[in-house]
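Data first, discussion second: the structure below is written as structure tokens.
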Amino acid sequence: MPLPAAWAQDAATTTTLQPVTVTAGSLGGNELPPPYAGGQVAEGARLGLMGNQSVMDTPFNVTSYTSELIQNQQARTLADVMANDPSVRFTTSSGHAYENFRIRGFDVNQNDVAINGMFGLAPMGRTPVEFVERVEVLKGPNALFSGMAPSGAVGGTVNLVPKRAGDEPTATYGVNWQSDGQLGTTIDAGRRFGAANEWGARVNGSFSDGATTLDGQSRKREFFSAGLDYRGSALTASIDAYHSQESFTGGTPAMFWFAGPVVPVAPDPRINQFSTGYGSIQSNAVVGRAEYRFNDSVSAFAGVGRRDSHQSGLINGTHARQIDANGNFTGSIIGQRAYTDATSAEAGLRSRFKTGSVGHELVLQASILELEDGSATGTASTFRSNIYNPITPVMPAVPGSAPKTSENTLSSLALVDTMSFLDDRLLLTGGLRNQRVKTSNFDKTGKTTSRYDEDAVTPAVALVIKPWGPDLSFYANYVEGLSKGDSVTDTTATNFGQVFAPYKTKQKELGVKWNAGTFTNTLALFEIDKPMLVTEGAAARPTYADGGEKRVRGVEWNTFGELARGVRVLGGVTYTQGTQVKTSFGRYDGNTAVGAPRWQVNTGLEWDTPWVPGLTLSGRVQATSSQYADSANNIEIPGWGQLDLGARYAMQINGKDVVLRLNVNNVFDKHYYAGIFSDTTPIATLGPARSVMASATITF
């Protein structure tokens with residue numbers, strides 16, 4: 001691992017960061033956009049089928065977090081990286097088996113994470129990031145550029161870019177410790193082969209085991225990945241494969257379901273509400289991609305991948321239910337077994353040409369994602385307990401097999417053109433995607449219980465204007481997202497069994513980006529409207545319709561880069577107004593939307609100390625204002641704040657780069673409800689306990 005650029009100025013030996021190649025990108029080249037000043041964020045990111053684009057040319061608010069940031073913050077999972085973003089909050093409690101998010105006030109399921117722009121292939125559960133070169137967060141719905149995500153991804157898209165071997169061979173070995181007893185080791189090695197270094201191999205592995213901050217819990221984690229790539233004059237290709245498994249015993253974190261408007265004080269997150277729970281999630285995948293450049297104007301690309309995932313134990317439904325003012329609740333534990341098999345593929349053509357003085361970059365893409373799910377649940381074990389002094393519940397048996405429960409096929413065809421005017425000072429992007437959604441559901445005997453086959457067309461138009469040069473961009477966009485339409489499952493409804501067409505979510509956004517040389521700022525104003533299912537008619541015999549609406553308006557300020565030599569900044573502020581515009585019978589029209597706080601702040605600073613070369617100190621503040629947990633706005637969780645601190649020391653021993661790192665998250669051990677789990681049920685998540693992480697790495 002080379003020394004970060006900011007340290008290299010003070011180190012006795014300067015190490016140069018090696019270029020990294022990927023198989024997808026704009027027609028202008030396949031190289032990954034380089035790190036921006038400070039090394040924490042990249043200069044560009046992938047804009048779906050459009051490939052890699054500069055931040056200043058992208059008509060969206062996008063942030064691409066680098067592997068350098070991942071290493072320095074000792075991030076293990078995707079949630080650790082997303083904690084840097086002021087537009088992101090979590091809808092599962094810290095340490096849960098799954099990591100789900102809200103971006104711009106809308107749910108983004110962990111199933112909606114992509115690898116190199118393809119959905120359905122990322123590891124299930126807590127997504128590991130050891131194999132990741134970039135974590136790219138594109139905010140807002142963008143079905144045109146990325147296609148429909150399995151769960152909709154209304155608030156934004158998260159894309160993972162795997163690591164590639166650099167021109168110089170490297171191998172980094174590390175050992176780490178995390179409270180309250182997690183010990184681990186990591187390996188990251190890569191090198192290139194051939195007369196022109198055209199062949200590359202990169203392997204990453206990690207293993208950890210031991211106690212966690214949740215009292216009585218032990219967690220074991222193993223991950224291995226291999227990335228092979230070829231880069232020729234016309235052809236670039238890659239194959240990525242990984243194995244990921246995480247298992248736990250001795251309990252799992254809970255979410256908190258309130259019975260009334262009195263919200264009890266948040267318990268210590270170390271308290272184990274489901275102390276007998278155990279579970280495991282395993283994912284295995286292989287992904288292949290290729291791009292062939294016929295000439296300077298035309299290229300073709302294709303990708304295909306397969307992922308198999310299996311889950312068992314107490315994975316879902318870890319809710320402390322109907323909590324009263326004194327913390328008493330009812331609980332239920334159900335042993336579960338499930339699987340999800342996914343096959344994803346895409347193919348397309350890119351062409352660059354001119355019509356008069358207007359440049360065009362035209363992309364035609366077809367994609368398909370096939371998902372097969374199976375699940376089974378055992379007999380529930382119910383109990384009564386207290387969130388401050390829980391009992392020891394009984395963990396029931398896990399079913400021995402899981403029958404197929406559903407098949408989903410998401411297929412689409414998209415055409416997008418980016419036109420450039422006035423020597424690229426004006427960029428206009430427009431296009432259409434036709435998306436088809438097919439679903440079949442099955443009972444335990446394999447009999448089909450329902451079918452769904454709907455399609456929709458989503459447009460997008462976006463504009464970038466750079467009137468005074470490349471360092472100042474004004475942008476605007478109108479984009480639509482897609483979510484699978486709801487089914488009416490209420491047997492008392494007059495339209496029981498009706499399946500609605502896919503929901504179209506609409507976003508309007510204006511923004512400005514300023515590159516000040518070593519730090520960049522983005523200011524965005526946005527509005528997102530999402531249809532929702534509501535009831536009409538008599539309460540005894542309701543009729544369901546998709547005429548509801550949730551709207552979120554907001555202002556985002558994001559900044560990253562180097563404020564001064566050795567001083568780096570990352571983060572920003574988000575202000576939102578979430579509103580329930582149309583609700584059942586108009587009962588809650590105008591109320592604040594569930595899980596939509598007014599203010600969210602994430603701001604981090606790093607400082608390379610001048611008196612000790614190689615020593616860096618860091619700090620990060622996360623804060624969120626109060627938010628409602630129910631549509632009636634009767635249940636409110638208070639605002640919260642958290643301080644994280646860190647230090648690292650880079651040195652050389654016998655000519656080898658050695659880095660020691662120490663991070664303390666939630667320094668003051670604040671106990672708080674962090675966010676909201678559901679739009680329809682008053683369930684809150686819990687913030688993390690104070691944790692300490694230490695590691696040492698050596699690069700050969």
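Gly595 and Arg102 make their closest contact through O-CD, 3.8 Å (heavy atoms, listed as atom of the first residue, atom of the second, distance). Minimum interatomic distance between Ala647 and Leu617 (heavy atoms only, all atoms of both residues): CB-CD2, 3.8 Å. Heavy-atom minimum distance, Leu645 versus Gly619: CD2-CA, 4.0 Å. Minimum heavy-atom separation, Asn477 to Pro59: ND2-O, 2.8 Å. Closest approach of Glu509 and Ala524 over heavy atoms only: OE2-CB, 3.5 Å. Nearest heavy atom pair, residue Glu136 against residue Ser64, reads CG-OG, 3.5 Å.
Every side-chain contact (heavy atoms from CB on, under 4.5 Å) that Thr458 has, sequence neighbours left out, goes to Ala143, Arg433, Glu480, Leu482. Residues forming a side chain to side chain donor-acceptor pair (under 3.5 Å) with Gln110 (at least two apart in sequence, or on another chain): none.
Inspection of the Thr699 and Thr172 side chains reveals an N or O donor paired with an N or O acceptor under 3.5 Å. Side-chain contact check for Glu556 and Tyr575: no donor-acceptor pair (N or O, by modelled atom type) lies under 3.5 Å. At a cut-off of 3.5 Å, with distance as the only test, no side-chain donor of Glu606 or Asn72 sits close to an acceptor on the other residue. Side chains of Asn204 and Tyr242: no donor on one and acceptor on the other come within 3.5 Å. Thr236 and Glu291 form no side-chain donor-acceptor contact under 3.5 Å, judged by distance and modelled atom types alone. Side-chain contact annotation: Gln53 with Thr58, donor-acceptor N/O pair under 3.5 Å absent. Side-chain contact check for Asp644 and Gln622: at least one donor-acceptor pair (N or O, by modelled atom type) lies under 3.5 Å. Checking Arg620 against Asn663 by side-chain atom types alone, no donor-acceptor pair falls below 3.5 Å. For the residue pair Gln652 / Asp657, a side-chain donor-acceptor distance below 3.5 Å is found, with atom types taken as modelled. Using modelled atom types, one finds no donor on one side chain facing an acceptor on the other under 3.5 Å when comparing Asn61 with Tyr475. Between the side chains of Arg104 and Gln507, at least one donor N or O sits under 3.5 Å from an acceptor N or O. A donor-acceptor pair shorter than 3.5 Å cannot be found between the side chains of Thr91 and Asn100. Inspection of the Thr579 and Arg553 side chains reveals no N or O donor paired with an N or O acceptor under 3.5 Å.
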Carefully, step by step, assess Lys466 and Asp57 under the rule salt bridge (Lys or Arg N to Asp or Glu O under 4.0 Å). CA-CA 9 Å; Lys466 295 180 283 186; Asp57 292 337; 2.5 Å; yes
May I have the step-by-step check of side chain to side chain contact (heavy atoms under 4.5 Å, CB included) for Val555 and Leu523, ending in yes or no? CA-CA 7 Å; Val555 181; Leu523 183 67; 3.9 Å; yes
Should Arg231 and Ser238 be marked as a side-chain hydrogen bond (donor to acceptor under 3.5 Å, both in side chains) after you check the CA-CA gap, both sets of side-chain angles, and the distance that decides it? CA-CA 9 Å; Arg231 59 188 195 197; Ser238 68; over 6 Å; no
Given side-chain hydrogen bond (donor to acceptor under 3.5 Å, both in side chains), test Ser299 with Tyr292 step by step and report yes or no. CA-CA 5 Å; Ser299 67; Tyr292 185 80; over 6 Å; no
Run the numbers on Val512 and Thr522 for side chain to side chain contact (heavy atoms under 4.5 Å, CB included), then give the verdict. CA-CA 6 Å; Val512 59; Thr522 299; over 6 Å; no
Give the C-alpha distance, both sets of side-chain angles, the deciding distance and a yes or no for ring-ring contact (aromatic ring centres under 6.0 Å, His included) between Phe560 and Phe519. CA-CA 6 Å; Phe560 57 82; Phe519 69 95; 9.6 Å; no
Going through the checks in order, is the side-chain hydrogen bond (donor to acceptor under 3.5 Å, both in side chains) test met by Arg89 and Thr624? CA-CA 9 Å; Arg89 289 298 181 262; Thr624 301; 2.7 Å; yes
Salt bridge (Lys or Arg N to Asp or Glu O under 4.0 Å) between Asp608 and Arg568: does it pass, once the steps are laid out? CA-CA 9 Å; Asp608 298 333; Arg568 293 171 290 281; 2.8 Å; yes
Side chain to side chain contact (heavy atoms under 4.5 Å, CB included) evaluation trace for Ile465 with Arg425: CA-CA 6 Å; Ile465 303 175; Arg425 292 198 301 272; over 6 Å; no
Intermediate values then yes/no, side chain to side chain contact (heavy atoms under 4.5 Å, CB included), His360 and Thr355: CA-CA 8 Å; His360 296 264; Thr355 55; 2.7 Å; yes
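Other residues, nucleotides and ligands contribute only 12 or fewer heavy atoms inside 6.0 Å of the NZ atom of Lys506.
Side-chain contact between Val132 and Pro162 is absent, with no heavy atoms from C-beta onward closer than 4.5 Å. Using a 4.5 Å cut-off on side-chain heavy atoms (C-beta onward), Leu78 and Phe101 make contact. The shortest distance between side-chain heavy atoms of Arg164 and Glu133 does not fall below 4.5 Å. Contact check for Leu364 versus Val416: no side-chain heavy atoms found under the 4.5 Å cut-off. Annotation: side chain of Gln73 is in contact with side chain of Asn84 (closest heavy-atom distance under 4.5 Å). In this structure the side chain of Leu362 reaches within 4.5 angstrom of the side chain of Phe353, judged on heavy atoms. For the pair Met693/Asn665, a side-chain contact is recorded, criterion being any heavy-atom separation below 4.5 Å from C-beta on. Side chains of Gln365 and Glu346 form a contact here, defined as non-hydrogen atoms less than 4.5 Å apart.
Atom CZ of Phe145 sits about 7.0 Å away from atom CG of Leu49, to the nearest 0.5 Å. With rounding to the nearest 0.5 angstrom, the OG atom of Ser695 is 9.0 Å from the CG atom of Leu662. Annotation: the span from Ser473 atom OG to Trp468 atom CH2 amounts to 11.5 Å, rounded to 0.5 Å. Distance check, rounded to the nearest 0.5 Å: CG of Leu427 to OG of Ser420 gives 6.5 Å. Gln600 CD to Ser625 OG: the interatomic distance, rounded to the nearest 0.5 Å, is 7.5 Å. Distance CD/Glu361 to OG1/Thr429: 9.0 Å, rounded to 0.5 Å.
Evaluated for a salt bridge (Lys or Arg N to Asp or Glu O under 4.0 Å) with Asp229, the options Arg202, Arg192, Lys163 yield exactly one hit, Arg192. Of the residues listed (Asn521, Asn602, Asp85), the one engaging Asn558 in a side chain to side chain contact (heavy atoms under 4.5 Å, CB included) is Asp85, and it is the only one.
A cation-pi arrangement, defined by a distance under 6.0 Å to the six-membered ring centre and an angle within 45 degrees of its axis, is present between Arg350 and Phe301. Lys550 forms a cation-pi arrangement with Phe106, by the criterion of a distance under 6.0 Å to the ring centre and an angle within 45° of the ring axis.
A donor-acceptor pair is defined here as one N or O able to donate and one able to accept, closer than 3.5 Å; such a pair exists between the side chain of Asn109 and the backbone of Asn111.
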